[in-house]
Number of protein chains: 2
Amino acid sequence: MTDEPTVFVVDDDPSVRRSVVRLLESAGLRVEGFDSGEAFLEHRRRTGPACVVLDVRMSGMSGLELQRRLSATGRPMAIVFITGHGDVPMSVAAMKGGAVDFLLKPFDDEALLAAIDRAIGRDRAWLLEQQELAVLRIGYDRLTPREQQVFALVAAGLLNKQVAAQLGTSEKTIKVHRARVMGKMEAASLADLVRHAERLQITARHPD
Amino acid sequence: MTDEPTVFVVDDDPSVRRSVVRLLESAGLRVEGFDSGEAFLEHRRRTGPACVVLDVRMSGMSGLELQRRLSATGRPMAIVFITGHGDVPMSVAAMKGGAVDFLLKPFDDEALLAAIDRAIGRDRAWLLEQQELAVLRIGYDRLTPREQQVFALVAAGLLNKQVAAQLGTSEKTIKVHRARVMGKMEAASLADLVRHAERLQITARHPD
DNA sequence: GACGTAGTTCGGAAAAATCCCGAATAAGCC
DNA sequence: GGCTTATTCGGGATTTTTCCGAACTACGTC
């Protein structure tokens with residue numbers, strides 16, 4: 001998984017696909033072409049930063065349908081739509097679905113490249129976010145059930161004494177769990193631990 | 001400022017405006033009509049949850065221009081566009097600008113009401129977020145310069161001793177500041193304080 | 001049954017934070 | 001000169017957290 005971005009071009013019209021691929025390659029981008037949404041869905045794998053250039057109107061799976069499928073996966077890749085025969089409801093649906101842009105053919109080369117740039121930027125930010133979350137989740141998964149409970153309550157701001165009362169054990173025991181949580185979550189301070197809990201959306205209601 | 005939502009209808013065509021106003025009123029919504037973007041910008045004031053139904057093509061300020069002006073204000077209100085003569089680039093620009101929906105006339109009454117519902121929901125969420133942030137900011141503004149420094153460093157996870165070293169004072173002094181920060185920020189625990197710092201985007205780099 | 005591992009439990013000593021009281025210094029304002 | 005605010009400390013009692021080690025149970029493996 002390199003840091004070099006990849007653009008997936010999905011279009012069932014070979015001539016359009018070739019010309020788009022050539023344009024992007026001449027701009028120094030790594031490109032892979034597919035002649036249908038089905039082919040793209042099968043072929044995809046873990047990659048570095050990427051985006052999709054997608055024709056809305058295709059035989060077989062439509063562009064909007066592919067967009068839905070993609071957003072249902074764990075990797076909601078950024079999409080730039082291109083089309084020769086687009087209408088307003090279609091473009092609005094695409095944008096509501098999270099598309100980066102929706103370009104009408106014939107489009108400006110510059111416009112497409114600019115849209116792809118934004119799309120890759122968005123994907124890069126998403127990847128970075130996911131990588132950071134993955135590290136946190138790995139730590140969290142190593143917590144025992146008891147430690148997870150203590151984690152939630154400590155991050156909610158309860159004192160060890162209160163956590164102990166809540167869980168029906170002694171304060172001393174909570175101290176041990178707490179120390180293990182700090183270690184496994186690689187939190188250098190309570191502030192760190194609270195921030196990690198926030199990002200993992202770990203919550204516990206504070207009993208008044 | 002009540003909790004009852006208001007819909008602002010901006011359209012320079014009196015007949016369209018009247019019919020839209022009538023539709024929304026019959027749906028139980030509070031509605032105010034304007035015949036131009038300029039009139040709307042002048043007339044607006046603090047309100048409860050609200051949204052804007054906006055014609056893209058108007059004499060004077062266009063709908064897209066009004067959208068830009070609105071997003072530059074402190075209150076980026078949710079917009080539902082309606083138009084008789086919309087094209088794809090126009091709708092894409094509107095959606096990229098954050099519009100909730102972009103409807104072509106003649107549109108379904110149901111479609112408009114559904115879009116307005118989503119728009120008001122979005123504005124409600126925004127208002128709630130702003131209210132919570134306002135409370136935090138009021139607390140933060142009451143902090144003295146020194147207290148703000150201590151706040152940032154404590155929220156970053158430093159011990160009192162480390163904060164003292166960083167600011168060149170004694171640990172005892174930091175404890176006093178810290179207690180005042182907790183009080184003014186209405187933080188019941190350090191976890192609370194860290195979360196408040198997060199939402200206010202208060203950061204301080206931790207010197208290794 | 002013996003053995004290793006993981007999870008939960010707890011004691012005690014040292015460090016850190018909190019809370020109560022009070023107080024000195026300096027800057028700015030009327 | 002008085003008044004407020006900000007910043008800086010002290011002392012002592014209390015609470016909370018951290019770090020050392022260690023016992024007990026449950027579970028699966030050999």
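Just so you know, these numbers come straight off a predicted model, no measurement behind them.
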### Task
Output, in order, the C-alpha distance, side-chain angles, deciding distance and verdict of salt bridge (charged side-chain N to carboxylate O under 4.0 Å, His left out) for A/E38 and A/R69.
CA-CA 10 Å; A/E38 289 85 349; A/R69 299 278 186 90; over 6 Å; no
#### Entry: Short side-chain N/O contact to D/dT15 OP1/OP2 from A/K161, under 4.0 Å
no
### Task
Starting from P on D/dT14, measure out to CG on A/L159 and report it in whole angstrom.
18 Å
### Separation of A/H177 NE2 from A/L167 CG (nearest 0.5 Å)
8.0 Å
### Reading 5' to 3' through nucleotides 5-12 of chain C, protein heavy-atom contacts under 4.0 Å coded B for base, S for sugar-phosphate only, - for none
--SBBBBB
### Summary
Here the distance between atom P of C/dT18 and atom CD of A/Q162, to the nearest Å, is 14 Å
### Message
Quick check: closest heavy atoms across A/L112 and A/L103, and the distance to 0.1 Å?
### Response
CA-CD1, 3.7 Å
#### Entry: Derivation of the side chain to side chain contact (heavy atoms under 4.5 Å, CB included) call for A/M90 and A/F81
CA-CA 10 Å; A/M90 191 181 277; A/F81 281 100; over 6 Å; no
### Query
Going by atom types only, do A/S91 and B/S91 share a side-chain donor-acceptor pair under 3.5 Å?
yes
### Task
In whole angstrom, give the distance that lies between atom CD1 of B/I174 and atom P of C/dA16.
15 Å
### Message
Nearest whole Å is fine: how far is D/dT8 C1' from B/N160 CG?
### Response
15 Å
### Task
For A/R178 and D/dT16, give me the distance from atom CZ to atom P, rounded to whole Å.
11 Å
### Query
Axis-to-axis angle across the helix from C/dG1-D/dC30 to C/dC30-D/dG1, five pairs an end, to 10 degrees?
30°
### Query
With under 30° as parallel and over 60° as perpendicular, where do the rings of A/Y140 and A/F151 fit, or are they tilted in between?
tilted
### Task
Determine the sole option in A/R178, A/E171, A/K172 for which the side chain to side chain donor-acceptor pair (under 3.5 Å) test with A/N160 is passed.
A/R178
### Task
Please report, rounded to the nearest Å, how far the P atom of D/dT17 is from the CG atom of A/L153.
13 Å
#### Entry: Sidechain N-carboxylate O distance under 4.0 Å for B/E65, B/R68
yes
